[in-house]
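See structure below.
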2 protein chains.
Amino acid sequence: MNLPTPEKPWILERGDSLDFMRSLPDSCIDAVITDPPYCSGGTSSADRAKTTTQKYVQSGVKVVRPDFAGDNRDQRSWLVWCDIWMREALRVAKPGAPICVFTDWRQLPSTTDAIQVSGWIWRGIAVWDKTEGARPQRGRFRNQAEYIVWGSSGQMAARDEIGVLPGVFRHYLRQADKHHITGKPTEVMRGLVQICPAGGVILDPFAGSGTTGAAALAEGRRFVGVEREQTYFDIATARLKAAW
Amino acid sequence: MNLPTPEKPWILERGDSLDFMRSLPDSCIDAVITDPPYCSGGTSSADRAKTTTQKYVQSGVKVVRPDFAGDNRDQRSWLVWCDIWMREALRVAKPGAPICVFTDWRQLPSTTDAIQVSGWIWRGIAVWDKTEGARPQRGRFRNQAEYIVWGSSGQMAARDEIGVLPGVFRHYLRQADKHHITGKPTEVMRGLVQICPAGGVILDPFAGSGTTGAAALAEGRRFVGVEREQTYFDIATARLKAAW
DNA sequence: CCCTTCTATGAATCGTGCT
DNA sequence: CAGCACGATTCATAGAAGG
């Protein structure tokens, strides 16, 4: 059985998320917390509005492109792909279990669609205020936030042992805490994993550098993660061993 | 001509937004900043049919604020309605003019749809972090943010005279600053109106208690507003006179 | 002026029971 | 069984009041 035990409260698997989730039984996961590839690179409405010259000039610029796989779907197929993995995540989640999915502003509407189409109940949006953001531009609002679309598998029973969780996480991401191109601050993840009851099992199908897992262990939750890239798998393994 | 002048930099009209906008010429507005009815209360049509006080004010409160109209559309007709007024706003907006539309988490995806369907270019999401005050619920993330979906009429020219604007407005709404059931803090609106060049004309088709207008005047912008409810029209008129 | 105590408040939600 | 109407409920925090 690919599930963590009290003796070893974490599992990290290298491979495909969908294959791995399909190996899990029904209703064995207490919370799903993940940061899937956003695929929002060049398909935004603002980009589409640019002239081809502008687009090519833009592409000539040194843009930080995520260097991981699966980040090149267009919006429709991204939605379909999300539907597939979220549906499988729903199957392995216990009734009432929460799901938290990171997204950026461009993919936010598609993410809320995906979560609902796949059968989860959409319950809200939490905000990660990065306090500073991508390249500041004069005359525009700074894009300094990412979003956590969250919901639940069916009705959420009363969970009195869990306190009130903040709706905005305000935290700067230090370079030293950034182990992945799209890494999240450990403090933010430690806040997020509180949505899972203490001792529960958190699944992250796109584990990346393992921040979710490190935070889960730090907060007394168990962890199941999958990562496809060997490099990030190694980093995550090291961090999880250290956290444990 | 229903436009403000240097002598009297604001106009407030009582009546229907659409009728009023139709009376305006093309390309006369420098920015559209507004807070339309969200129509998001309740899951059933019956819930939406409740008065705004029933929906948004929990029992046992002491302060009574007037209801407002137009908050009982279902999601599809809300989208169609937004398309109509946003399309008209686009016509009266100058090329490159920005639009900012308040929304809550439930209507955020529909708002980004509406803004794009009506022909505006969607450029981002700004966040109003209410910091606290939202209803706390155990085991859930607090819904403590509202969102400002923003975009522009076509390409935005370089606007070097405007600085970088924040992407998250973090401000508590004091009772004393709340003149409408859904009122926004004056400080947040003062930040938002900076998206309009100094001296420019800001249009708010759903003026409510006139916070947008008061902030516009305080920041050296001109203002055109429409409000349908007599009670709020009177409050807004008084506030605009005071701000001027 | 600082600290403690108290009170008002919130752009709902959940469960139940009826139709 | 599905949908809807209805009623009970929630608690952290800001700000005021009091010491």
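Worth saying up front: this structure is predicted, and the values here are computed from it rather than measured. Throughout, a chain's letter reflects where its sequence line sits, starting with A, and its residues are numbered from 1.
By the salt bridge (charged side-chain N to carboxylate O under 4.0 Å, His left out) test, R87(A) pairs with D83(A), sequence neighbours left out. Scored by the salt bridge (charged side-chain N to carboxylate O under 4.0 Å, His left out) test, E227(B) finds no partners at all (sequence neighbours excluded). Among residues two or more places apart in sequence or in another chain, the salt bridge (charged side-chain N to carboxylate O under 4.0 Å, His left out) test is passed with K94(A) by D30(A). Residues passing the salt bridge (charged side-chain N to carboxylate O under 4.0 Å, His left out) test with D204(A), sequence neighbours excluded: none.
Donor-acceptor pairing under 3.5 Å is lacking for the side chains of T52(B) and D71(B).
Look at R190(A) and E187(A) and you find no salt bridge, because none of the NZ, NE, NH1 or NH2 atoms lies under 4.0 Å from a carboxylate O.
Residue-to-nucleotide proximity on DNA chain D shows that, of V164(A) and K50(B), the 5′-proximal contact is made by K50(B). Nearest-nucleotide positions on DNA chain D place G163(A) closer to the 5' end than the other of L173(B) and G163(A).
Residue-to-nucleotide contacts include a donor-acceptor pair under 3.5 Å from the side chain of D35(B) to the base of dA11(C).
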Checklist line | DNA chain C base-pair string [pairs: Watson-Crick or G-U under 3.5 Å; |: paired with another strand] | finding: .|||||||||.||||||||

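Between dC6(D) and dA11(C), the distance separating the two P atoms is 24 Å to the nearest Å.
Heavy atoms of Y147(B) sit nowhere under 4.0 angstrom from any nucleic acid atom.
The aromatic rings of W122(A) and W105(B) sit perpendicular to each other, their planes meeting at more than 60°, with 30° as the lower class boundary.
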What pairs of nitrogen or oxygen atoms, one from the protein and one from nucleotides 15-19 of chain C, lie under 3.5 Å apart?
from    : atom 1 : to      : atom 2 : distance (Å)
dG15(C) : OP2    : Q155(A) : OE1    : 3.4

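With rounding to whole Å, R142(B) atom CZ is found 5 Å from dA12(D) atom C1'. Rounded to whole angstrom, the span from the NE2 atom of H171(B) across to the C1' atom of dA14(D) amounts to 13 Å.
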